[in-house]
Trainee: 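First, the structure itself, so that you have it in front of you.
By convention here, the first residue in the shown sequence is residue 1.
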Amino acid sequence: MRTTDRGDQSSKPDSSIQTTTRRSKSNGDAGARGKLIEATARIMREEGYAAATSRRVAAAAGVKQALVYYYFPTMDDLFIEVLRAGAEAALTCMRALLADDDPLQALWLRNSDSASTTLNAEFMALANHRKAIGAELKAYAERVRDIETAAVTMVLRANGVDLDEYPPAAISMLIAQTARSLCNERAVGVTQGHDELRAFVERQMSLLRKPGATATPHR
């Protein structure tokens with residue numbers, strides 16, 4: 001009887017072992033999944049979205065190709081997760097604009113970042129062919145624009161600027177789109193007129209700067 005009892009007990013998996021196994025598997029899954037997302041974003045930035053095939057992504061992430069479709073049923077699902085991961089990080093940075101001493105300069109510098117601008121351009125191109133990605137990109141872009149507009153509105157009101165004469169949405173778009181345009185041109189080696197335009201934008205922003213704020217040098 002006792003032998004049988006011990007045998008029954010030994011045949012039952014230890015609950016602590018089960019918990020550890022589940023935790024290890026969960027951590028492993030999250031690690032591989034994260035590597036695939038990071039690898040895809042890197043390939044898109046450096047080589048373009050067309051280069052981000054399942055085989056190429058798996059190799060860059062250091063995992064088996066089958067894992068790509070284990071975590072992501074289609075490549076579109078993977079691209080969407082890359083977009084979402086980048087969007088959350090970007091939105092966190094964008095919200096910081098509202099607390100920055102110089103929101104306009106922060107907005108300008110944020111949109112002058114070549115890495116994020118390049119990846120965004122790839123998603124714009126990809127969205128032309130993939131409706132699901134287009135919808136995701138639209139939702140993200142609208143959230144970003146809301147934050148940018150709020151930051152500019154705060155600055156204009158602090159300076160007593162007429163919001164009807166200088167619509168915050170228009171001002172925020174001029175700053176963001178101009179910065180991105182300079183990034184996109186610089187990426188292909190076009191720099192003619194950049195210094196003049198950058199200096200012009202800096203002068204215009206200085207007229208709208210919050211009282212007491214000092215500009216951050218362009219990097």
Side-chain angles (χ1 to χ4, degrees), residues 29-30 32-61 63 65-98 103 106-153 167-190:
D29 287 352
R33 189 174 186 278
K35 288 179 181 179
L36 289 169
I37 291 174
E38 291 172 4
T40 303
R42 185 167 62 253
I43 292 171
M44 290 179 71
R45 282 194 300 267
E46 298 174 356
E47 304 175 44
Y49 76 84
T53 62
S54 61
R55 184 187 300 275
R56 181 76 177 81
V57 168
V63 302
Q65 185 179 2
L67 280 181
V68 175
Y69 294 110
Y70 174 77
Y71 292 113
F72 310 100
T74 68
M75 287 302 292
D76 278 6
D77 291 316
L78 173 55
F79 287 132
I80 287 175
E81 287 306 311
V82 173
L83 175 57
R84 286 176 178 170
E88 287 307 313
L91 287 169
T92 297
C93 293
M94 293 301 295
R95 293 186 187 101
L97 290 175
L98 301 174
L107 175 60
W108 173 257
L109 292 177
R110 172 65 193 170
N111 284 281
S112 295
D113 179 66
S114 58
S116 60
T117 299
T118 299
L119 188 57
N120 185 68
E122 287 300 318
F123 274 116
M124 290 292 287
L126 189 56
N128 289 327
H129 309 289
R130 316 286 178 86
K131 291 183 178 180
I133 293 173
E136 195 76 27
L137 189 60
K138 176 179 180 293
Y140 163 62
E142 289 175 343
R143 292 171 68 188
V144 168
R145 186 150 297 167
D146 284 342
I147 296 173
E148 292 177 339
T149 300
V152 173
T153 299
I171 300 299
S172 67
M173 286 182 67
L174 283 171
I175 294 174
Q177 298 301 326
T178 300
R180 291 175 190 171
S181 178
L182 291 177
C183 267
N184 291 332
E185 287 198 353
R186 189 169 64 246
V188 295
V190 178

Trainee: Measure the OG-CD1 distance between S112 and I175 for me, rounded to the nearest 0.5 Å.
Mentor: 10.5 Å
Trainee: Using side-chain heavy atoms (C-beta onward) and a distance below 4.5 Å, is F123 in contact with V82?
Mentor: yes
Trainee: For R110 and A90, which heavy atoms make the closest approach, and how far apart are they?
Mentor: NH2-CB, 3.2 Å
Trainee: Indicate the atoms forming the closest heavy-atom contact of A52 with T40, along with that distance.
Mentor: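 Residues A52 and T40, closest heavy atoms: CB-CG2, 4.2 Å.
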Trainee: Taking all non-hydrogen atoms of both residues into account, name the closest pair between I43 and A60 and its distance.
Mentor: CD1-CB, 3.9 Å
Trainee: Can you tell me how far CZ of F72 sits from CZ of R33, rounded to the nearest 0.5 angstrom?
Mentor: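 Interatomic distance, R33 CZ to F72 CZ, rounded to 0.5 Å: 4.5 Å.
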Trainee: Hey, which of E88, E148, E136 is the one that makes salt bridge (Lys or Arg N to Asp or Glu O under 4.0 Å) with R143?
Mentor: E88
Trainee: Let me confirm one number: the CG-CE distance from L107 to M94, rounded to the nearest 0.5 Å.
Mentor: 5.5 Å
Trainee: Set out, in order, the CA-CA distance, both residues' side-chain angles and the distance that settles side chain to side chain donor-acceptor pair (under 3.5 Å) for T74 and D77, then state yes or no.
Mentor: CA-CA 5 Å; T74 68; D77 291 316; 3.0 Å; yes
Trainee: If you measure from CG on N120 to CG on L137, what distance do you get to the nearest 0.5 Å?
Mentor: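 Answer for the CG-CG pair, N120 versus L137, is 6.0 Å.
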Trainee: Please report the C-alpha distance between E81 and R84 in whole Å, then the side-chain angles of each, then the deciding distance to 0.1 Å, and finally whether the side chain to side chain contact (heavy atoms under 4.5 Å, CB included) criterion is met.
Mentor: CA-CA 5 Å; E81 287 306 311; R84 286 176 178 170; 3.1 Å; yes
Trainee: Kindly give the heavy-atom pair with the smallest separation between A132 and I80, and that separation in Å.
Mentor: CB-CD1, 4.0 Å
Trainee: Identify the two heavy atoms, one from S172 and one from V152, that lie closest to each other, and give their separation to 0.1 Å.
Mentor: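 Answer, listing the atom of S172 first, then V152: CB-CG2, 3.5 Å.
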Trainee: How are the rings of Y49 and F79 set relative to one another: parallel (under 30°), tilted (30 to 60°) or perpendicular (over 60°)?
Mentor: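 Rings of Y49 and F79: perpendicular, as their planes differ by over 60°.
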Trainee: Return the CE to CG distance between M75 and L126, rounded to the nearest 0.5 Å.
Mentor: 9.5 Å
Trainee: Taking all heavy atoms of L78 and all of L36, pick out the closest pair and write down the distance.
Mentor: CD1-O, 4.3 Å
Trainee: In Å and rounded to the nearest 0.5 Å, what is the CG to CZ distance from L119 to R42?
Mentor: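 Going from the CG atom of L119 to the CZ atom of R42 covers 12.5 Å.
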Trainee: Without placing hydrogens or testing angles, list every side-chain donor-acceptor pair under 3.5 Å for residues 176-184, not counting sequence neighbours.
Mentor:
| unit_1 | atom_1 | unit_2 | atom_2 | d |
| --- | --- | --- | --- | --- |
| T178 | OG1 | L174 | O | 2.5 |
| R180 | NE | N111 | OD1 | 2.7 |
| R180 | NH2 | N111 | OD1 | 3.0 |
| N184 | ND2 | R180 | O | 3.3 |

